[in-house]
Amino acid sequence: MAVVVMNRWLLRVIAALVVGIIGFAIIHPERMIAPGPVKPAHSAIAKDCFACHTPFLGASPTRCTVCHKVADIGRLTTRGSPIARAAKAPIFHQSLVEPNCMACHSDHAEPRLTRRADKRFAHSLLKPETRAQCSSCHTPPDTPFHQSNRANCSTCHNDRAWAPASFDHALFPARSQPCGGLRDLSSADRLCDL
């Protein structure tokens, strides 16, 4: 009989702890489940987790686009002021297949408990017609070959990494003469000094 009473008491204590933890997580979610402080740009909504997150589903791009209008990203702040930006910084958010903000962005600075913090840009997020226009975001290397050829970059390179490149002389008939000297194949250019 004493064991049954002890088990009931233990179950009540465990149930009270679980209810307390859940209640605290609902009242103070930033202390219980936040993966670190938000970045300074979002400090005004730092305590409003539900501005970005849907309960039990996480962050959603539809929550991002409430404040960040896709057509204005890279051009205007959320308050409508023009953004001063470097001349080389491309505006490409308007060319994404879909607004999947979390594919590249995380609003929490650290610690990253569930995903990698260093997300690399995936060219597959771009619309196919934009993907083919490499020079809209990238500057070709300042080598004689790259300066004299205006072929599509994907002729030799892929969108996962610049190197290694595959070069087929048959695709460049004007350059069909033997290379004067191949560059070191581990270099970023990996092409002839023509």
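Heads up: numbering here begins at 1 and tracks the sequence.
- Nearest approach of Ile45 to Cys52, heavy atoms of both residues: CD1-SG, 4.0 Å.
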When you look at Leu126 and Leu96, which way does the side-chain contact (heavy atoms from CB on, under 4.5 Å) test go after all the steps? CA-CA 4 Å; Leu126 293 169; Leu96 296 175; 3.9 Å; yes
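- Ile83 approaches Gly74 most closely through the heavy-atom pair CD1-C, 4.1 Å.
- Residues forming a side-chain contact (heavy atoms from CB on, under 4.5 Å) with Thr78 (at least two apart in sequence, or on another chain): Cys67, His68.
- Among residues at least two apart or in separate chains, there is no salt bridge (Lys or Arg N to Asp or Glu O under 4.0 Å) pair with a member in residues 123-132.
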Please assess Leu125 against Cys104 for the test side-chain contact (heavy atoms from CB on, under 4.5 Å), listing each intermediate value before the final yes or no. CA-CA 10 Å; Leu125 296 171; Cys104 299; 3.9 Å; yes
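- Partners of Arg75 according to the salt bridge (charged side-chain N to carboxylate O under 4.0 Å, His left out) rule, which considers only residues two or more places apart in sequence or in another chain, are Asp72.
- Annotation: ring pair (Phe, Tyr, Trp, His ring centres under 6.0 Å) contacts of His123 (sequence neighbours excluded): Phe121, His138.
- Residues meeting the side-chain contact (heavy atoms from CB on, under 4.5 Å) test with Cys134, sequence neighbours left out: Asn152, Cys153.
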Below 3.5 Å, can you tabulate the donor-acceptor pairs from side chains in residues 57-65 to any protein atom, sequence neighbours excluded?
residue: Ser60; atom: OG; partner: Thr62; partner atom: N; Å: 3.2
residue: Ser60; atom: OG; partner: Thr62; partner atom: OG1; Å: 2.7
residue: Arg63; atom: NH1; partner: Phe50; partner atom: O; Å: 2.4
residue: Arg63; atom: NH1; partner: His53; partner atom: O; Å: 3.2
residue: Arg63; atom: NH2; partner: Thr54; partner atom: OG1; Å: 3.2
residue: Thr65; atom: OG1; partner: Pro61; partner atom: O; Å: 3.3
residue: Thr65; atom: OG1; partner: Thr62; partner atom: O; Å: 3.2

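- Considering only residues two or more places apart in sequence or on other chains, Val19 meets the side-chain contact (heavy atoms from CB on, under 4.5 Å) condition with none of them.
- Every residue was checked against the salt bridge (charged side-chain N to carboxylate O under 4.0 Å, His left out) condition with Asp48, not counting sequence neighbours, and none meets it.
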